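For reference, the structure is listed below as structure tokens.
Note that the structure is a prediction, hence the values are computed from the model and not measured. The figures that follow rest on heavy atoms only: side chains count, while hydrogens, waters and symmetry mates do not. Numbering of ligands and ligand atoms starts at 1, following listing order. We're numbering straight along the sequence, starting at 1.
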Amino acid sequence: MSYTTAVTPGALPLIGHAWPLMRRPMRFAGSLSGHGDLVEVRLGPVRAYVPCHPDLLWQVLTDDRTFDKGGPFFDRVRSTIGNGVGSCPYHQHRRQRRLIQPSFHPERLERYATVMEQEAAALTDDWEDGQVVDVYRALYGTALRTVLRSLFATQFDAEAVAGFRESVETVLNQLTARMFLPRTLQRLPLPVNRRFDRAVADLRRGIEDLVAEYRRGGTDRGDLLSALIAARDETAPDEAAPDEAASDEAASDEAASGGGSLGDTEIHDQVLTMLAAGSDSVAAAVSWALYLLDRSPEVLTRLHREVDTVLGGRPANGGEVPDLPYTGQVITEALRLYPPGWLFTRVTTERTELGGHQLPPGTTVAFCAPAVHRRAGLYDRPDAFDPDRWLPERARALPKGAFAAFGGGARKCAGDAFGRTESTLLLATIVGRWRLRRAPGSDVRPVALSTALRPRRLLMEISARDARTAEDGQS
Ligand code: HEM
């Protein structure tokens with residue numbers, strides 16, 4: 001099979017394609033496959049290759065040794081939130097992943113689902129008929145509390161949650177923007193940089209205090225932090241992947257980090273990774289789903305039918321997710337059109353070939369899911385919102401790499417089941433109890449330069465539904 005390569009037109013000196021990327025990220029990303037299967041763009045001063053063909057994206061995601069995490073995005077992440085499982089390089093990844101994986105064991109997920117259910121119920125209990133809600137902000141509060149309570153069974157008072165919220169938001173809002181800015185600008189004593197540095201320091205301190213408290217207590221509280229503290233990597237070095245065992249770098253990293261368990265700094269970095277990865281992603285996914293549903297009455301009617309039958313106006317619980325397949329399809333389709341994690345980078349560690357094109361070591365490759373998700377010919381009417389694409393028989397026909405909202409390969413999202421369960425529970429609970437209609441004053445252009453692609457301001461007016469009497473699903 002041969003693939004086409006092209007240079008994307010319209011790069012400006014210094015900023016490259018930053019302007020269309022910031023202003024209309026989905027339109028820009030969606031247009032890339034029209035130029036070729038592998039296209040060159042400029043991320044600020046850096047030249048990057050974007051795979052727009054599912055085969056090429058799959059190659060990049062699954063060959064994580066050659067296409068290692070690095071480049072402008074991960075360089076900034078590491079210098080900010082540390083070297084957790086999501087940002088560490090290949091030679092440290094397998095060990096870190098083995099150590100965090102038990103935190104997402106299905107039994108633990110059941111406990112987290114109870115938190116999700118309670119938080120979804122609390123959000124929708126608080127709403128009042130006729131109220132106008134800034135949907136992303138409300139969902140962000142819910143998702144952050146959910147991940148905080150899943151990480152730490154400890155009770156947080158409102159002040160502590162607000163403190164975490166402010167710090168996490170400040171960090172996440174600037175992380176992506178920082179990838180386009182020269183480092184010298186980020187070191188200037190400007191208020192924006194000071195705020196950022198203070199937020200990073202506050203988070204660090206807050207998490208360190210909690211880790212110390214848990215170590216003193218010494219019991220498994222059933223939460224994610226207990227699982228991280230208890231994690232033991234039983235894999236002997238010679239049982240590990242051959243390339244991993246052979247790597248001197250891996251061996252010395254392991255020795256430096258305490259080998260078979262996670263040290264305090266590592267736990268801190270994992271916790272920060274979960275807070276960053278697990279809050280705005282879910283809030284953005286459900287916000288886009290609500291936005292799309294408001295524009296698609298037929299889809300909403302079908303969704304109401306499913307949710308009313310299964311829940312009858314109650315909040316959803318974790319055990320009911322398999323009974324809500326259409327709700328799951330709506331979430332997947334929202335993730336296809338608006339993948340919250342939409343732009344990450346990789347850097348080649350050796351000379352390699354991608355789509356027939358030779359890439360020298362040190363080349364930046366961008367993992368930009370919407371460049372494939374919105375590719376004409378791969379999806380019929382790629383810009384249309386059609387949850388039926390995800391009927392199992394249709395989804396099975398798609399090639400690998402066609403859907404990458406959770407990434408792929410060894411570095412696929414560790415919280416994919418967590419994120420899917422939470423998004424499904426939230427959406428089902430919301431639409432079962434309330435009718436949301438877009439209100440004036442919204443600005444749904446995506447904010448590109450925050451870690452999650454999200455609407456700037458999605459205001460929706462809320463009216464109560466009575467699922468027991470709703471006949472056509474439109475009430
Ligand atoms: C709808 C929700 C979510 C979406 C769309 C999402 C998306 C992603 C994507 C695209 C990646 C891969 C990034 C890359 O390859 O460069 C990733 C990695 C990761 N995500 Fe998620 N995520 C979601 C929810 C969560 C949640 C709830 C958690 C934790 C509580 C989480 C934890 C992680 C971790 C730890 C990684 C790094 C995995 C590794 O490198 O081994 N995510 N996520």
Report summary line: Of A404, A277, A410, P340, the residue with the heavy atom nearest atom 33 (C) of ligand 1 is A277
Query raised in the report: Which of the listed options, A417, C413, G419, holds the heavy atom that is closest to atom 17 (C) of ligand 1?
Result: C413
Among all protein heavy atoms in this structure, tell me which lies nearest to [atom], with the distance rounded to 0.1 Å.
| atom | result |
| --- | --- |
| atom 10 (C) of ligand 1 | A405 O, 3.2 Å |
| atom 38 (C) of ligand 1 | R97 NH1, 3.4 Å |
| atom 12 (C) of ligand 1 | R411 O, 3.9 Å |
| atom 37 (C) of ligand 1 | G86 CA, 3.4 Å |
| atom 26 (C) of ligand 1 | G278 CA, 3.5 Å |
| atom 28 (C) of ligand 1 | G415 CA, 3.7 Å |
| atom 36 (C) of ligand 1 | A414 N, 3.9 Å |

Without swapping roles, check the side chain of [X] against the backbone of [Y] for a donor-acceptor pair under 3.5 Å.
| X | Y | answer |
| --- | --- | --- |
| E208 | H268 | no |
| E110 | G318 | no |
| T364 | V347 | no |
| R232 | G260 | no |
| T424 | L324 | no |

Counting only heavy atoms closer than 4.0 Å, does ligand 1 sit against the backbone of [X], its side chain, both, or neither?
| X | result |
| --- | --- |
| R346 | side chain |
| K69 | side chain |
| F74 | side chain |
| F406 | both |
| K412 | backbone |

Please confirm whether [X] comes within less than 3.5 Å of ligand 1 when only nitrogen or oxygen atoms on both sides are compared.
| X | result |
| --- | --- |
| V85 | yes |
| H93 | yes |
| E422 | no |

Query raised in the report: Do the numbers put R457 on top of the ring of Y136, so that NZ or CZ is under 6.0 Å from the six-membered ring centre and no more than 45° off the axis?
Result: no
**Report entry** Over-ring placement of R420 relative to F104, 6.0 Å and 45° cut-offs
**Finding:** no
Report task. May I ask you to decide if the ring planes of Y379 and W390 are parallel, tilted or perpendicular, using 30° and 60° as cut-offs? Result -> tilted
Report task. May I ask you to decide if the ring planes of Y214 and F152 are parallel, tilted or perpendicular, using 30° and 60° as cut-offs? Result -> perpendicular
Query raised in the report: What atoms in ligand 1 come closer than 4.0 Å to a heavy atom of G407?
Result: 10 (C)
Query raised in the report: Of all the atoms in ligand 1, which lie at a distance below 4.0 Å from a heavy atom belonging to S281?
Result: 2 (C), 3 (C), 4 (C), 23 (C), 24 (C)
Query raised in the report: Can we call the ring centroids of H357 and Y3 under 6.0 Å apart?
Result: no
Report summary line: Between the CD1 atom in I229 and the CD1 atom in I267, the distance rounded to the nearest 0.5 Å is 5.0 Å
Report task. Let me see the working for D209 and R205 under salt bridge (charged side-chain N to carboxylate O under 4.0 Å, His left out), right down to the final yes or no. Result -> CA-CA 6 Å; D209 289 350; R205 206 170 325 106; over 6 Å; no
